Protein chains: 2
Amino acid sequence: MSRTTLDTAALAHDLRLAVMRFSRRLRNQRVDTSVTLTHLAALSTLRQHGPMSPGELAAQERVQPPSMTRVVVALEGMGLVTRTPHPTDGRQVVIDLTPAAQGLLDEEARAREAWLSGRLQDLAPEERAVLREAAEIMEKLAGG
Amino acid sequence: MSRTTLDTAALAHDLRLAVMRFSRRLRNQRVDTSVTLTHLAALSTLRQHGPMSPGELAAQERVQPPSMTRVVVALEGMGLVTRTPHPTDGRQVVIDLTPAAQGLLDEEARAREAWLSGRLQDLAPEERAVLREAAEIMEKLAGG
DNA sequence: TATTGTTATACTCTATAACTATA
DNA sequence: TATAGTTATAGAGTATAACAATA
């Protein structure tokens, strides 16, 4: 086995542990328990990319359609998204944010990410640059 | 709000989404369903740091003690760890890997991380270097 | 009284399989 | 038949609260 292959295996191992621990920390950091991190991620994606079908949303978030159905049902119950029939395709549904969700996202951007933002502020600028690049690479890895 | 603060907030947002999607992808990548990713992470930590108490293991993995109890009970049932009384403190228990676990970890290092290793091999060397640094930074963020 | 670990309980997150409705 | 979405069901993962044993 080549040196590069060995290094890559070690990186895979360390990266996996780091991502698991970091994501646990992020989940547990929640203060407002009404909207979960999964819900918030779906809302963020809707704001970023605009209205879309449940299937598209599931693909964006890398979950299966039934999982997204549950999220959407919960969000609709909280008045954070609307479900409207697709104009031409009767099978499809269009999910969109309500004004309440917009306000919630603005609030979350300040409150909920406060912990992470605070931690990031304590890092060196070069470290933030590394994470900025790493976020893009991880999205790429999650995607393909 | 300063430019740096705005950038940090945006980084917090993007990093959170990237880590969530990436960790979902990692969890779903499992082929061998007998040992879960959570179990594997605990075993990896034991191999890396040696025998320790359930409480220490929970702290390492950033979970609460009852959560680790469940993991340890499952692993013991599979013959992958042993629970022995602490020599001097009757309250404590020492968790250690069995030879079966050592073999499993060796196998997993090849098989289970195959997907991630393969994806990492496809990256540019500079991208791997970024992830190597990012893994350390995320561990630091998860820790404090 | 403080610490370690466990039990009891419940909730979140996610999946697969089966079903319905529309194309 | 194929696609989009949902319902039904189940399992993994994790938490908080209460308890037991030991220091």
Side-chain angles (χ1 to χ4, degrees), chain A residues 16 19-43 51-78 81-95 142, chain B residues 16-17 19-43 51-78 81 83-95 142:
Chain A
R16 177 169 58 76
V19 166
M20 284 186 68
R21 289 171 183 157
F22 187 41
S23 67
R24 278 179 190 138
R25 189 65 186 244
L26 285 175
R27 278 194 187 281
N28 298 352
Q29 203 54 40
R30 64 187 172 203
V31 183
D32 174 1
T33 50
S34 62
V35 180
T36 70
L37 204 54
T38 298
H39 293 161
L40 193 59
L43 294 176
M52 65 182 75
S53 71
E56 287 172 318
L57 194 49
Q60 280 285 338
E61 291 295 320
R62 320 290 169 203
V63 298
Q64 293 302 308
S67 303
M68 190 50 69
T69 293
R70 285 193 49 163
V71 171
V72 169
V73 166
L75 292 175
E76 191 183 30
M78 291 185 276
V81 302
T82 55
R83 283 198 284 188
T84 55
H86 190 280
T88 61
D89 188 338
R91 297 170 303 182
Q92 288 192 48
V93 177
V94 178
I95 313 296
Chain B
R16 177 169 58 74
L17 287 179
V19 167
M20 284 185 69
R21 289 171 183 156
F22 188 42
S23 67
R24 278 178 191 139
R25 188 68 186 243
L26 284 175
R27 277 193 188 283
N28 298 352
Q29 204 52 41
R30 64 186 171 205
V31 183
D32 175 0
T33 51
S34 63
V35 179
T36 70
L37 203 55
T38 298
H39 293 160
L40 193 59
L43 295 176
M52 65 182 74
S53 71
E56 288 172 318
L57 194 49
Q60 280 285 337
E61 292 295 318
R62 320 290 170 202
V63 298
Q64 293 302 308
S67 302
M68 190 50 69
T69 292
R70 283 190 49 164
V71 171
V72 169
V73 165
L75 292 174
E76 191 184 29
M78 290 185 277
V81 302
R83 283 198 285 189
T84 54
H86 190 280
T88 62
D89 188 337
R91 297 170 304 181
Q92 289 193 46
V93 176
V94 178
I95 312 297

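Everything numeric here is computed off the predicted structure, so don't read it as measured data.
- With hydrogens and angles ignored, the 3.5 Å screen pairs a side-chain donor or acceptor of B:Ser23 with a backbone N or O of B:Val19.
- An OP1 or OP2 oxygen of D:dG13 is reached within less than 4.0 angstrom by a side-chain nitrogen or oxygen of B:Thr38.
- With sequence neighbours excluded, the residues that form a side chain to side chain contact (heavy atoms under 4.5 Å, CB included) with B:Pro51 are B:Val94, B:Asp96.
- Rounded to whole Å, the distance from CD on B:Gln92 to C1' on D:dA23 is 10 Å.
- To the nearest angstrom, P of C:dA2 lies 17 Å from CG of B:Asp89.
- For A:Thr36, counting side-chain heavy atoms from C-beta on, the closest listed nucleotide (D:dA21, D:dG13, C:dC13) is C:dC13.
- The two residues A:Val81 and A:Leu43 come nearest to each other via the heavy atoms CG1-CD2, 3.8 Å.
- A:Arg70 pairs by the side chain to side chain donor-acceptor pair (under 3.5 Å) definition with nothing, not counting sequence neighbours.
- Taken residue by residue, residues 66-73 of chain A places heavy atoms nearer than 4.0 Å to DNA chain D at A:Pro66, A:Thr69, A:Arg70.
- Rounded to whole angstrom, the span from the CZ atom of B:Arg91 across to the P atom of D:dT22 amounts to 11 Å.
- If you check residues 52-60 of chain A against DNA chain C, you find no residue with a heavy atom closer than 4.0 Å.
- Partners of A:Gln64 under the side chain to side chain donor-acceptor pair (under 3.5 Å) rule, at least two apart in sequence or in another chain, do not exist in this structure.
- Every residue was checked against the salt bridge (Lys or Arg N to Asp or Glu O under 4.0 Å) condition with A:Glu56, not counting sequence neighbours, and none meets it.
- Among the heavy atoms of the strands, none lies under 4.0 Å from A:Ser23.
- Dashed line: the shortest gap from a side-chain N or O of A:Arg83 to OP1 or OP2 of D:dT6 is under 4.0 Å.
- In the set D:dG13, C:dT14, D:dG5, the nucleotide with an atom closest to the side chain of A:Arg27 is C:dT14.
- Listed nucleotides: C:dA21, C:dG5, D:dA15. Nearest to the side chain of B:Val93: C:dG5.
- Residue A:Arg24 places none of its side-chain N or O atoms closer than 4.0 Å to OP1 or OP2 of D:dG13.
- Atom CD of B:Glu76 and atom C1' of C:dT6 are 13 Å apart (whole Å).
- The side-chain hydrogen bond (donor to acceptor under 3.5 Å, both in side chains) pairs that include a residue from residues 86-95 of chain A are A:His86-A:Thr88, A:Asp89-A:Arg91, A:Asp89-A:Gln92, where partners are two or more places apart or lie in different chains.
- Residue B:Leu75 contributes atom CG, which lies 13 Å from atom P of D:dA12 at whole-angstrom precision.
- Of all nucleotides listed (C:dT16, D:dG13, D:dA15), C:dT16 comes nearest to the side chain of A:Gln64.
- Rounded to whole Å, atom C1' of D:dG13 lies 14 Å from atom CE of B:Met20.
- By the side chain to side chain donor-acceptor pair (under 3.5 Å) test, A:Arg24 pairs with B:Glu61, sequence neighbours left out.
- Rounded to an integer number of Å, the gap from B:Leu26 CG to C:dT14 P is 13 Å.
- The CZ atom of B:Arg62 sits 19 Å away from the P atom of D:dG13 (whole-angstrom rounding).
- Taking both residues in full, the closest heavy atoms of B:Leu57 and B:Ala42 are given as CD1-O, 4.0 Å, listed atom of the first, atom of the second, then distance.
- Heavy-atom minimum distance, A:Met68 versus A:Ala58: CB-CB, 3.8 Å.
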